[in-house]
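Okay, so here's the structure we're looking at.
Indexing begins at 1, ligand by ligand and atom by atom, following the structure's order.
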Amino acid sequence: MSDPAVALVTGAGSGIGRAIARRLADEYAVVVNDVDAEAATETAVEIEQDGGDATAIEADVADHDAVDDLVDRTLDAYGRIDLLVNNAGIETVYPFTDLPEAEWDRVHDVNLKGQFLLSQRVANEMIDRDVAGDIVNVSSVHDVLPRTEKIHYDTAKAGVLMLTKDMALELAEHGISVNCVAPGAIETPMNAELLDDPDEIERMNERIPWGRMGKPEEIADAVAFLASQDATYVTGSRLCVDGGLSLDP
Ligand code: NAD
């Protein structure tokens with residue numbers, strides 16, 4: 001039997017990333033990255049309890065040296081990377097006029113620079129090993145939809161969309177596909193405050209044509225599709241998974 005393909009999923013200790021790692025474990029050996037080591041280990045243990053192959057590796061995707069170490073350790077363990085899912089992200093709330101410069105930098109470093117750093121290193125490893133792999137970035141409906149108090153997050157996600165398209169152009173000659181998934185409002189710890197308040201949930205549900213928030217597994221299905229043999233002619237695309245939220249903002 002040949003070795004399984006290898007997927008590296010960032011921010012996979014919680015929410016969407018955990019669901020992606022678990023979904024991919026049906027077909028891939030999965031490297032479960034998170035800046036929170038304990039959370040990453042929990043996901044890896046869940047995968048192994050289900051009979052999958054997973055390795056937890058702690059790293060901050062915004063730190064160049066940590067990203068190199070993450071990729072080195074992945075290659076030491078598995079010898080190749082077939083799929084990179086750039087999912088790690090953080091979100092904070094500040095009115096534009098009060099947004100501290102350091103907060104702008106922090107959110108851009110994790111949400112955008114982290115995707116650049118990891119994609120660049122992994123793409124080079126794929127090219128060196130002749131792996132016609134896949135990269136899937138997790139963006140947000142707010143990569144194109146404006147709103148208040150999240151200008152640092154939304155501009156970083158807008159950057160993710162362009163990163164996806166430009167990388168897709170440059171990596172096409174190597175057979176590496178690059179796509180992004182743009183989630184709407186998903187039930188994860190990132191939305192913990194909203195999920196704790198039934199009135200807020202109802203207000204949100206009223207805004208969504210589908211009438212409910214999304215589940216992390218529904219984003220994981222979209223990522224799995226983009227990396228699958230059902231999407232062999234898809235690159236540079238943005239797959240919006242939002243129950244219609246962005247149709248009538
Ligand atoms: P979450 O907070 O549940 O999980 C994010 C994970 O990323 C956490 O485990 C966290 O420890 C990890 N992380 C944070 N900074 C990191 C870093 N520097 N390096 C490595 N890991 C780091 O959030 P989520 O809702 O699962 O979000 C996952 C992705 O989906 C994010 O990119 C987010 O922007 C995006 N997204 C989420 C929603 C939503 O409604 N939940 C909507 C649109 C987009």
Side-chain angles (χ1 to χ4, degrees), residues 8-23 31-44 46 56-71 74 84-93 103 105-118 136-145 147 150 152-161 163-164 180-195 200-201 204-205 207-208 210 212-220 222-223 238-243 245-246 249:
L8 167 53
V9 184
T10 69
S14 172
I16 292 170
R18 176 170 286 181
I20 292 169
R22 294 195 59 163
R23 172 73 171 77
V31 172
V32 177
N33 156 261
D34 207 284
V35 72
D36 178 340
E38 211 173 300
T41 301
E42 266 174 38
T43 303
E46 284 179 15
I57 302 181
E58 175 191 356
D60 175 352
V61 297
D63 176 334
H64 199 139
D65 291 344
V67 163
D68 277 340
D69 180 63
L70 168 62
V71 175
T74 300
L84 167 65
V85 184
N86 283 307
N87 163 79
I90 52 174
E91 187 183 57
T92 59
V93 183
E103 191 59 12
D105 286 345
R106 190 173 81 94
V107 168
H108 273 249
D109 281 355
V110 175
N111 292 9
L112 179 56
K113 192 176 83 174
Q115 295 204 5
F116 154 67
L117 289 174
L118 204 47
V136 181
N137 299 326
V138 177
S139 175
S140 161
V141 287
H142 295 291
D143 56 5
V144 294
L145 264 190
R147 62 179 161 172
K150 304 225 172 127
H152 48 328
Y153 178 94
D154 295 353
T155 50
K157 292 298 189 182
V160 167
L161 178 55
L163 182 77
T164 302
C180 67
V181 173
I186 311 301
E187 291 172 0
T188 74
M190 186 174 269
N191 289 316
E193 223 170 283
L194 181 156
L195 292 168
E200 281 287 316
I201 297 178
M204 176 56 83
N205 289 346
R207 290 178 51 203
I208 303 172
W210 231 237
R212 63 168 177 86
M213 292 174 70
K215 309 229 169 285
E217 292 74 19
E218 292 175 301
I219 306 303
V223 170
R238 169 185 185 270
L239 179 50
C240 181
V241 186
D242 71 347
L245 173 66
S246 53

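Scanning all protein heavy atoms for the shortest distance to atom 19 (N) of ligand 1 gives Val61 N, 3.1 Å. Of the protein's heavy atoms, Asn87 O, 2.7 Å lies nearest to atom 32 (O) of ligand 1. Atom 36 (N) of ligand 1 has as its closest protein heavy atom Tyr153 OH, 3.6 Å. Scanning the protein heavy atoms around atom 5 (C) of ligand 1, the nearest turns out to be Gly89 O, 3.9 Å. Distance from atom 42 (C) of ligand 1 to its nearest protein heavy atom, with residue and atom name: Gly184 O, 2.9 Å. Val35 CG1, 3.7 Å is the protein heavy atom nearest to atom 16 (C) of ligand 1. Regarding atom 7 (O) of ligand 1, its nearest protein heavy-atom neighbour is Gly11 CA, 3.4 Å. The nearest heavy-atom contact from the protein to atom 8 (C) of ligand 1 is Asp34 OD2, 3.5 Å.
The Ser139 neighbourhood of ligand 1 comprises atoms 35 (C), 44 (C), with distances under 4.0 Å to a heavy atom of that residue. Close approach to Asn191 involves these atoms of ligand 1, each under 4.0 Å from a residue heavy atom: 39 (C), 40 (O), 41 (N). Here is the list of ligand 1 atoms found below 4.0 Å of a heavy atom in Gly15: 3 (O), 26 (O). Residue contact check: Asn33 has heavy atoms under 4.0 Å from atoms 20 (C) of ligand 1. Taking every heavy atom of Ala59 and a limit of under 4.0 angstrom, the matching atoms of ligand 1 come to 19 (N), 20 (C). Less than 4.0 angstrom separates some heavy atom of Pro189 from each of these atoms of ligand 1: 3 (O). Of all the atoms in ligand 1, the ones that sit under 4.0 Å from a non-hydrogen atom of Val138 are 29 (C), 30 (O), 35 (C). Listed by number with element, the atoms of ligand 1 under 4.0 angstrom from any heavy atom of Ala185 are 40 (O).
No heavy atom of Pro216 sits closer than 4.0 Å to any atom of ligand 1.
For a threshold of 3.5 Å applied to N or O pairs, the pair formed by Lys157 and ligand 1 contains at least one separation below that value. For ligand 1, none of its N or O atoms has an N or O atom of Ala62 under 3.5 Å away. Backbone and side-chain nitrogen or oxygen atoms of Ser140 are examined, and none is located within less than 3.5 angstrom of a nitrogen or oxygen of ligand 1.
In this comparison of Thr188, Leu118, Thr10, Ile16, the heavy atom closest to atom 25 (O) of ligand 1 sits on Thr188. Comparing heavy-atom distances from atom 1 (P) of ligand 1 across Ala12, Ser14, Ala182 singles out Ser14 as nearest. Atom 2 (O) of ligand 1 has its nearest heavy-atom neighbour, among Met213, Met204, Met190, in Met190.
The two residues Tyr153 and Asn111 have their closest heavy-atom pair at CD1-ND2, 3.4 Å. Closest approach of Lys215 and Glu187 over heavy atoms only: NZ-OE1, 3.1 Å. Contact detail for Glu58 and Ala37: the closest heavy-atom pair is OE1-CB, 3.5 Å. In this structure, Thr188 and Leu195 approach most closely via the heavy-atom pair O-CD1, 3.6 Å.
Here the side chain of Asn87 pairs a donor or acceptor atom with the backbone of Thr10 at under 3.5 angstrom. Put simply, the side chain of Asp143 never gets that close to the backbone of Asp154: no donor and acceptor are under 3.5 Å apart. At distances below 3.5 Å, not a single donor-acceptor pair connects side-chain atoms of Asn137 with backbone N or O atoms of Ser139.
Sorted by first and then second residue, the salt bridge (charged side-chain N to carboxylate O under 4.0 Å, His left out) pairs involving residues 109-118 (not counting sequence neighbours) form an empty list.
Salt-bridge annotation for Arg212 and Glu218: present, with a side-chain N of the basic residue lying under 4.0 Å from a carboxylate O of the acidic one. Taking a cutoff of 4.0 Å between a charged side-chain nitrogen and a carboxylate oxygen, Arg18 and Glu46 qualify as a salt bridge.
Residues Val35 and Val61 fail the side-chain proximity criterion, which asks for heavy atoms closer than 4.5 Å. Counting heavy atoms from C-beta on, the side chains of Leu84 and Val136 never come closer than 4.5 Å. Put simply, the side chain of Val144 reaches to within 4.5 Å of the side chain of Arg238, judged on heavy atoms. Looking at heavy atoms from C-beta onward, Glu91 lies in side-chain contact with Lys150 at the 4.5 angstrom threshold.
When the salt bridge (Lys or Arg N to Asp or Glu O under 4.0 Å) test is applied to Glu103, the partners found at least two apart in sequence or on another chain are Arg106.
Of all the heavy atoms of Val110, the ones lying under 4.0 Å from any atom of ligand 1 belong exclusively to the side chain. Within the 4.0 Å heavy-atom criterion, the part of Ile90 lying near ligand 1 is the side chain and not the backbone.
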